[in-house]
Amino acid sequence: MSCLCLGPKRAGKTHLLKALQDFKNVDFTTYSMPTVGTSIYTINFPKKPPPDIPPTAVIPKKKKDLKTCIDIIEVGGSMAPMWNRFFKNVAKIIYVVDTSNLCQISAASVLLYSILANPQLQKTKFLLVLTKMDYAYRQMRNEALLIMQMSKLQKEIKQSITIVEVSSISKEGFDQVYEWLEKS
Ligand SMILES: Nc1nc2c(ncn2[C@@H]2O[C@H](COP(=O)(O)OP(=O)(O)OP(=O)(O)O)[C@@H](O)[C@H]2O)c(=O)[nH]1
Ligand SMILES: [Mg+2]
């Protein structure tokens with residue numbers, strides 16, 4: 001079972017995945033190249049501080065199958081006509097939408113509808129990432145969702161969609177993304 005990251009060209013997929021992978025090593029100064037084809041990113045879940053356990057408490061054994069990381073495949077926006085070639089055995093899809101690009105939001109939603117309608121993805125879990133929230137001229141969450149007609153769409157689909165506002169510059173929303181990725 002795989003996890004895909006999809007979204008239109010320059011939506012912010014690569015930047016998001018690199019920042020989730022290692023925020024300190026993201027080079028914000030260079031122009032990022034479009035992803036031609038696919039790229040794979042291994043994302044480690046942040047270590048949680050140990051809970052305060054009283055000295056007399058019985059410490060439960062660690063679950064062996066507890067996941068510590070996840071591999072995510074980014075398929076470039078320029079590959080949109082071919083995205084469906086990657087839809088076999090997909091457990092999760094992160095769908096990235098650039099909220100600073102008004103013209104792209106409605107186009108992004110049309111692409112999202114076509115993905116949600118794909119018979120191979122009826123049991124897939126979706127994370128809708130409204131990104132570039134650090135821009136002053138972005139669309140606010142409700143405006144972006146209105147343009148995408150999300151409330152109407154959610155009534156018609158079987159999949160569960162989690163929506164999160166993110167900035168790959170300020171790390172806003174990262175905790176929610178990690179939490180969603182960690183949930184099996
Ligand atoms: N201000 C701001 N800029 C961002 C953010 N995320 C991405 N960007 C910028 O948006 C541009 C496009 O980002 P990419 O991550 O390359 O976009 P992509 O979705 O991978 O694009 P393709 O690979 O062509 O499909 C880059 O210049 C990024 O630095 C963000 O959260 N805030
Ligand atoms: Mg990319």
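In each ligand, atom 1 is the first atom listed, and ligand 1 is the first ligand listed. Here the structure is a predicted model, which is why all the values come from computation and not from measurement.
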Legend entry - ligand 1 versus Asp134: contacting region, heavy-atom distance under 4.0 Å: side chain
Legend entry - Protein N/O/S count near the Mg ion (ligand 2) (criterion: distance under 2.8 Å): 3
Inset, instruction - Could you tell me whether some N/O pair between Gly12 and ligand 1 is separated by less than 3.5 angstrom? - result: yes
Inset, instruction - Return the minimal non-hydrogen interatomic distance between Val90 and Thr124, and the atom names on each side. - result: O-OG1, 2.9 Å
Legend entry - Side-chain donor-acceptor contact under 3.5 Å, Thr14 with Glu74: yes
Inset, instruction - Would you check the N or O atoms of Met33, main chain and side chain alike, for any that come under 3.5 Å of an N or O of ligand 1? - result: no
Legend entry - Check: Ile43 main-chain N/O paired with Tyr178 side-chain donor or acceptor under 3.5 Å: no
Legend entry - Per-atom contacts, ligand 1 versus Pro34 - under 4.0 Å to a heavy atom: 23 (O), 24 (O)
Inset, instruction - Heavy atoms only: give me the nearest Phe23-Ile169 pair and the separation to one decimal. - result: CZ-O, 3.2 Å
Inset, instruction - Report, in ascending order of atom number, the atoms of ligand 1 lying under 4.0 Å from any heavy atom of Gly76. - result: 25 (O)
Legend entry - 4.0 Å heavy-atom contact, Glu74 with ligand 1: yes
Legend entry - Axial cation check for Trp180 ring with Lys125, 6.0 Å and 45° limits: no
Inset, instruction - Please determine if Ser78 has a nitrogen or oxygen closer than 3.5 Å to a nitrogen or oxygen of ligand 1. - result: no
Inset, instruction - Mark up the atoms of ligand 1 that fall under 4.0 Å of a heavy atom belonging to Thr35, in ascending order. - result: 22 (P), 23 (O), 24 (O)
Legend entry - Proximal ligand 1 atoms for Ser167, defined as those under 4.0 Å from one of its heavy atoms: 31 (O)
Inset, instruction - Please report the shortest heavy-atom distance between Cys5 and Leu17, naming the atom on each side. - result: CB-CD1, 3.8 Å
Inset, instruction - Could you tell me which atoms of ligand 1, counted from 1 in the order shown, lie closer than 4.0 angstrom to a heavy atom of His15? - result: 6 (N), 7 (C), 8 (N), 15 (O), 28 (C), 29 (O)
Inset, instruction - Determine, considering heavy atoms only, which of Lys18, Arg10, Lys132 sits nearest to atom 10 (O) of ligand 1. - result: Lys132
Legend entry - Side-chain heavy atoms of Thr131 within contact of His15, under 4.5 Å: no
Inset, instruction - Report, in ascending order of atom number, the atoms of ligand 1 lying under 4.0 Å from any heavy atom of Thr131. - result: 31 (O)
Inset, instruction - Answer whether the closest heavy-atom distance between the side chains of Lys158 and Gln122 falls below 4.5 Å. - result: yes
Inset, instruction - Indicate yes or no: at least one non-hydrogen side-chain atom of Ile115 is less than 4.5 angstrom from one of Phe126. - result: yes
Inset, instruction - May I ask you to test the Leu181-Ile94 pair for a side-chain heavy-atom distance under 4.5 Å? - result: yes
Legend entry - Straight-line distance of Gln139 CD to Thr99 OG1, nearest 0.5 Å: 7.5 Å
Inset, instruction - Going by the side chain to side chain contact (heavy atoms under 4.5 Å, CB included) test, name the single residue among Leu130, Val164, Leu146 that passes it with Arg141. - result: Leu130
